[in-house]
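Report on the following structure.
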Amino acid sequence: MAVINFEIFKVIGTLSEDKDGWKKQLTCTSWGKYNPKFDLRAWDSDYTSMKKGITLSLEELIALRDILNESDLEAILAEAIEEKQASKE
């Protein structure tokens, strides 16, 4: 198995933690020889193992922030749940 070189420069925030101690976090991380980017993924308690995630540039993270700020997420989810339930009937 290939060794993945990374360095976490800053943990920006934790979104959730599961019963096994894995934390889904937004970090500023450098992968290999590349400059740091923003990374959203789950990490174990000592940051030696990780799950699949997504890496975003500053521009992409700003665009995501703007989309989230402009969206009524609760209404979108409620509508999707209603559509899903209606399709079952």
Side-chain heavy atoms under 4.5 angstrom apart, residues restricted to Ile, Leu, Val, Met, Phe, Trp, Tyr: same cluster for Leu40 and Leu61? yes

Going by salt bridge (Lys or Arg N to Asp or Glu O under 4.0 Å), name the pairs with one or both residues in residues 21-46, residues two or more places apart or in two chains. Asp39-Arg41

Set of side-chain contact (heavy atoms from CB on, under 4.5 Å) partners for Glu60, sequence neighbours left out: Leu56, Ser57

Contacts of Ile8 meeting side-chain contact (heavy atoms from CB on, under 4.5 Å) (sequence neighbours excluded), chain-then-number -> Phe6, Val11, Thr27, Thr29, Trp43, Tyr47

Indicate yes or no for a side-chain donor-acceptor contact from Asp20 to the backbone of Trp22 under 3.5 Å, with no hydrogens or angles considered. no

Taken to the nearest 0.5 Å, the spacing of Glu7 CD from Cys28 SG works out to 10.0 Å

Can you measure from NZ (Lys10) to CD (Gln25) and round to the nearest 0.5 angstrom? 11.5 Å

Membership question, hydrophobic clusters at under 4.5 Å side-chain separation (ILVMFWY): are Ile4 and Tyr34 in the same one? no

Atom CD1 in Ile54, atom CG in Leu26: separation rounded to 0.5 Å? 11.0 Å

Holding to side-chain contact (heavy atoms from CB on, under 4.5 Å), I want the full list of residues that pass it with Leu77, two or more places apart in sequence or in another chain. Ile81

Please list, chain by chain and in numerical order, all residues satisfying side-chain hydrogen bond (donor to acceptor under 3.5 Å, both in side chains) with Ser30, sequence neighbours excluded. none

Tabulate below the donor-acceptor pairs under 3.5 Å that side-chain atoms of residues 65-73 make, not counting sequence neighbours, or state none.
from	atom 1	to	atom 2	distance (Å)
Asn69	ND2	Arg65	O	3.4
Ser71	OG	Ile67	O	2.7
Asp72	OD1	Ala75	N	3.2

